[in-house]
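This report refers to the structure that appears directly beneath it.
Sequence lines set the chain letters: A, B, ... in the order given, protein chains first and strands last, and positions in each chain run from 1. As the structure is a prediction and not an experimental result, all values here were calculated from the model.
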2 protein chains.
Amino acid sequence: MGALTQSLGFLIRLAQVRLYDLFFAGFDGVDVKPGEITVLWVLDLNPGARQGAVARELNIKPAHMTKLVQRLVHDGLIARQVPPEDRRSVLLSLTEQGKQRLETLRPAFLAIQTAESTGLSPRETDQLRSLIHKLAFPKDRP
Amino acid sequence: MGALTQSLGFLIRLAQVRLYDLFFAGFDGVDVKPGEITVLWVLDLNPGARQGAVARELNIKPAHMTKLVQRLVHDGLIARQVPPEDRRSVLLSLTEQGKQRLETLRPAFLAIQTAESTGLSPRETDQLRSLIHKLAFPKDRP
DNA sequence: TATTGTTATACTCTATAACTATA
DNA sequence: TATAGTTATAGAGTATAACAATA
């Protein structure tokens, strides 16, 4: 395959497929999507965060964020609230059910990061994290 | 964002978004898709390869490969040929136009891998490649 | 006028299953 | 029976543009 195996873009795509598989294997049978747990995770740490802020932080496009939020609201996992100070915006927070859901998912989510599942040593994992981070955030957030 | 920034899956997604941006910035204005150049690249090195073999090698699902091939054939970049030995299979190769196309794209494609665009030193890039490779191919291809 | 979020549309890639034609 | 590729359908994610409500 020549220089293709030198292409970061190509390699990253392969890695993502693998991590995607790991993700679903880790949540064996449970119906979660990567985007879902990501949002729940952030809202647990930042209750009442603005929808747009969360989207920006997670690199999710506004249009997609709207759909994601609608699904999570529909599933009863998060709640929307329009604050009187700025009635254009929407504040998001976990419902009780959402909190329970996250606690259910948390162990499996953390387990996926393990040497056992990824095949990388903790040292390699750290290194990889740091390099990907450097790649993903060129000179530290814009 | 807590342990989220420790999640390889999350980081890889961010990295892919960034590489995607780099990709399109690199081919400024030219209408290419990552999947397209990947296939052209492989067929240049392996003329007459079987469609299924290429798909397997590139981790592209058969169903998606069919569409991709149809598009490339429609664009006049590759040609299909059914060999008499096994009339179920399809052999792919670049057309003259496909070869020209690849030569047009090649410099920009190689330039994307550069320190200048990724922000990583050659040493870091090598390290990252090797770690991603290890992640993507657990114990060497199944 | 600018910002926040929504709707609508389209495209890439992935997944799955059912299908055809060959072997 | 098994394999190679196709078709069809569904979903996640991305991108863009036009829009309403609010600031």
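Each of C/dT14, C/dT12, D/dG5 was ranked by its minimum atom distance to the side chain of B/Thr66; first place goes to D/dG5. The side chain of B/Lys67 has C/dT14 as its nearest neighbour among D/dG5, C/dT14, D/dA15. Distance from the side chain of B/Arg71 is smallest to C/dT12 among C/dG5, D/dG13, C/dT12. Distance from the side chain of A/Pro62 is smallest for C/dT6 among the nucleotides D/dT6, C/dT16, C/dT6. When distances are taken from the side chain of A/Ala63 to each of C/dT12, C/dA15, C/dA8, the shortest belongs to C/dA8. Minimum atom distance to the side chain of A/Gln51 is reached by C/dT6, of the listed C/dT14, C/dT6, D/dG13.
Residues B/Leu14 and A/Leu135 are not in side-chain contact: their nearest non-hydrogen atoms beyond the backbone lie 4.5 Å or more apart. Using a 4.5 Å heavy-atom threshold, the side chains of A/Val69 and A/His74 count as separate. A/Arg18 is not listed as a side-chain neighbour of B/Ile132, based on a closest heavy-atom distance of 4.5 Å or more. Using a 4.5 Å heavy-atom threshold, the side chains of B/Val32 and B/Arg101 count as touching.
Checking the phosphate oxygens (OP1, OP2) of C/dG5, no side-chain nitrogen or oxygen of A/Arg80 falls inside 4.0 Å. Checking the phosphate oxygens (OP1, OP2) of D/dT3, no side-chain nitrogen or oxygen of B/Arg56 falls inside 4.0 Å. The side chain of A/Gln70 contributes an N or O atom lying less than 4.0 Å from OP1 or OP2 of C/dT7. Proximity of A/Lys33 to the phosphate of D/dA12: a side-chain N or O atom is located under 4.0 Å from OP1 or OP2.
Atom pair B/His64:NE2 and C/dT16:C1' shows a separation of 15 Å (rounding to whole Å applied). When the C1' atom of D/dT14 is taken as reference, atom CZ of B/Phe24 falls 10 Å away, rounded to whole Å. Here the C1' atom of nucleotide C/dA23 and the CZ atom of B/Arg50 are 11 Å apart, to the nearest Å. Protein atom CG of A/Asn59 is 8 Å distant from nucleotide atom P of D/dA15, rounded to whole Å. Summarising the geometry, the separation between NZ on B/Lys61 and P on D/dA4 is reported as 15 Å, rounded to the nearest angstrom. When the C1' atom of D/dA12 is taken as reference, atom CG of A/Asp75 falls 15 Å away, rounded to whole Å. One interatomic measurement links the two molecules: OH of A/Tyr20 to P of D/dG11, which rounds to 12 Å at whole-angstrom precision. Regarding B/Ile60, its CD1 atom lies at a distance of 11 Å from the C1' atom of C/dT12, rounded to whole Å.
We find the CZ-OG1 distance between A/Arg123 and A/Thr125 to be 11.5 Å, quoted to the nearest 0.5 Å.
Within residues 84-91 of chain B, the residues that place at least one heavy atom under 4.0 Å from DNA chain D are, in residue-number order, B/Arg88, B/Ser89, B/Val90.
In terms of heavy atoms, A/Gln6 sits closest to B/Arg129 at O-NH1, 2.5 Å. Heavy atoms only, all atoms of each residue included: A/Gly119 and A/Glu124 are closest at O-OE1, 4.4 Å.
Below 30°, between 30° and 60°, or above 60°: for A/Trp41 and A/Phe109 the angle between ring planes is between 30° and 60°, a tilted geometry.
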